[in-house]
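Okay, so here's the structure we're looking at.
Values reported hereafter were calculated over all heavy atoms of this structure, with side chains retained and with hydrogens, waters and symmetry mates removed. Quick caveat: nothing in here was measured; it's all calculated off a predicted structure.
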Amino acid sequence: MPQPYRGVFPVVPTIFHADGSLDLEGQKRAIDFMIDAGSEGLCILANFSEQFVLTDEDRQQVMDVALRHVAGRVPVIVTTTHFATHVCAERSRHAQDAGAAMVMIMPPYHGATIRVGEAGIFEFFRRVSDAISIPIMIQDAPVSGTTLSAPFLARMAREIANVSYFKIEVPQAAAKLRELIALGGDAVIGPWDGEEAITLMADLDAGATGSMTGGGFPDGIRQITDAWFAGDRAAAMDAYCRWLPLINHENRQCGLLAAKALMEEGGVIRCGAPRAPIAPLHPAARAGLVEMAKRLDAMVLRWAR
């Protein structure tokens, strides 16, 4: 097992042309910006990457292009979530073979009502783990509609070989992180903050060692985490208070389109549009996002100038 991954691992948005086709050159520029802005790793094909509007062929193209273009500059987490155990295992094995450092997976769910109990979830992750030799990050997020208790997550960390990282993005995440760390001990290699860093300080206080954020301003998140890991909590809090309005606006007003809007505004990419049926970002929400980013001198607005 490599040294534990920690720090800021933002989600890379999937870049489209205005007609909805993949913009693979724009994809490369987004990756280059995110690495230059201080990302200590990247995550691709996540929900904030609009993974749910991609075909299997699209997924393969994005993964291949991203991993080749990163070329080992930073570790890359590939999201391989799928309801079917064998499909998730195959996706995870392909990601490992292509050079992924880790895979991120949600518990199996479908629609509003189809869920799997704890025994089925345990077997799902065990079988995926058996198919690979790289770490698995379990994504604990409300979108799955699945309750994953801290004792259950800790049990999976102890009993399933590659389950060792956890992205916690549920309400009261800090409390859950504390409980998970206490119960899982050394088996919990990576207790991570999620939800675009909106609760980052509380989660760091609780023991989080990484944060998976949106991709628009890794340079700002690094100001928080660098100070924290250097032992300067006061400086980390100061940075958190500076960046929190932008983090909040991203999380509450713009969602998964925030990073692309900022990248488009700064000339990193040509088009920040989503793929239908996702609606474009409202101009007022976009204007507020850009205004806050300008006040903070976010690198995304000057990187391509």
*Go through the steps for D140 and K176 under the test salt bridge (Lys or Arg N to Asp or Glu O under 4.0 Å), then give the verdict.*
CA-CA 10 Å; D140 181 16; K176 190 164 191 177; 2.5 Å; yes
Ignoring hydrogens and angles, tell me if any N or O in the side chain of [X] forms a donor-acceptor pair with the backbone of [Y] under 3.5 Å.
X: R93; Y: I132; answer: no
X: S49; Y: P13; answer: no
X: R127; Y: T85; answer: no
X: D203; Y: A208; answer: no
X: S39; Y: L42; answer: no
X: H94; Y: Q60; answer: no
X: S129; Y: N162; answer: yes

Output yes when [X] and [Y] qualify as a salt bridge under the 4.0 Å nitrogen-oxygen rule, no when they do not.
X: R126; Y: E159; value: no
X: R275; Y: D58; value: yes
X: E50; Y: K260; value: yes
X: R59; Y: D64; value: no
X: R73; Y: D36; value: no

*side-chain contact (heavy atoms from CB on, under 4.5 Å) between R302 and D297: does it pass, once the steps are laid out?*
CA-CA 8 Å; R302 51 184 167 81; D297 190 31; 3.0 Å; yes
Which heavy atom in [X] sits nearest to a heavy atom in [Y], and how many Å separate them?
X: I247; Y: A197; answer: CG2-C, 3.8 Å
X: I134; Y: A100; answer: CD1-O, 3.7 Å
X: G216; Y: V300; answer: O-CB, 3.4 Å
X: A95; Y: V103; answer: CB-CG1, 4.1 Å
X: M102; Y: P135; answer: CG-O, 3.1 Å
X: I189; Y: P4; answer: CG2-CB, 3.7 Å

*Pairing residues for W243 by the ring pair (Phe, Tyr, Trp, His ring centres under 6.0 Å) criterion, not counting sequence neighbours*: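 By the ring pair (Phe, Tyr, Trp, His ring centres under 6.0 Å) rule, W243 matches F217.
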Do [X] and [Y] share a hydrophobic cluster, counting only Ile, Leu, Val, Met, Phe, Trp and Tyr and linking them when any side-chain heavy atoms are less than 4.5 Å apart?
X: V74; Y: F229; answer: yes
X: L153; Y: F124; answer: yes
X: I44; Y: L54; answer: yes
X: V8; Y: L296; answer: yes
X: I35; Y: V268; answer: yes

Should [X] and [Y] count as side-chain neighbours, where that means a heavy-atom distance under 4.5 Å?
X: T199; Y: Q172; value: no
X: I31; Y: V70; value: yes
X: V128; Y: C88; value: yes
X: M34; Y: M263; value: yes
X: L148; Y: P107; value: yes
X: C271; Y: D23; value: no
X: I105; Y: Q139; value: no
X: M104; Y: K167; value: yes

Atom [atom1] in [X], atom [atom2] in [Y]: separation rounded to 0.5 Å?
X: Y165; Y: F9; atom1: OH; atom2: CZ; result: 7.5 Å
X: D56; Y: Q61; atom1: CG; atom2: CD; result: 12.0 Å
X: R155; Y: L183; atom1: CZ; atom2: CG; result: 13.5 Å
X: E250; Y: E195; atom1: CD; atom2: CD; result: 11.0 Å
X: R178; Y: I168; atom1: CZ; atom2: CD1; result: 13.0 Å
X: L301; Y: L262; atom1: CG; atom2: CG; result: 6.0 Å

*Trace of the side-chain contact (heavy atoms from CB on, under 4.5 Å) decision for F48 with E196*: CA-CA 10 Å; F48 255 47; E196 297 77 73; 3.6 Å; yes
*asked:* Tell me every residue that passes salt bridge (Lys or Arg N to Asp or Glu O under 4.0 Å) with E25, counting only those two or more places apart in sequence or in another chain.
replied: K28
*Measure from the ring center of W228 to the ring center of Y240 and say whether it is less than 6.0 Å.*
no
Answer with yes or no whether the side chains of [Y] and [X] bring together a donor and an acceptor at under 3.5 Å.
X: N47; Y: Q51; answer: yes
X: Q223; Y: D219; answer: no
X: T80; Y: S92; answer: yes
X: Q27; Y: T14; answer: no

*Is it true that atom CG of D19 has more than 12 heavy atoms of other residues, nucleotides or ligands lying nearer than 6.0 Å?*
yes
_Residues, nucleotides or ligands: over 12 heavy atoms within 6.0 Å of R295 CZ_ = no
*Test side-chain contact (heavy atoms from CB on, under 4.5 Å) on F52 and I278 and set out the steps.*
CA-CA 11 Å; F52 36 77; I278 299 173; 3.7 Å; yes
*Dump the intermediate steps for side-chain contact (heavy atoms from CB on, under 4.5 Å) on T79 and C43, then the final yes or no.*
CA-CA 7 Å; T79 308; C43 178; 3.5 Å; yes
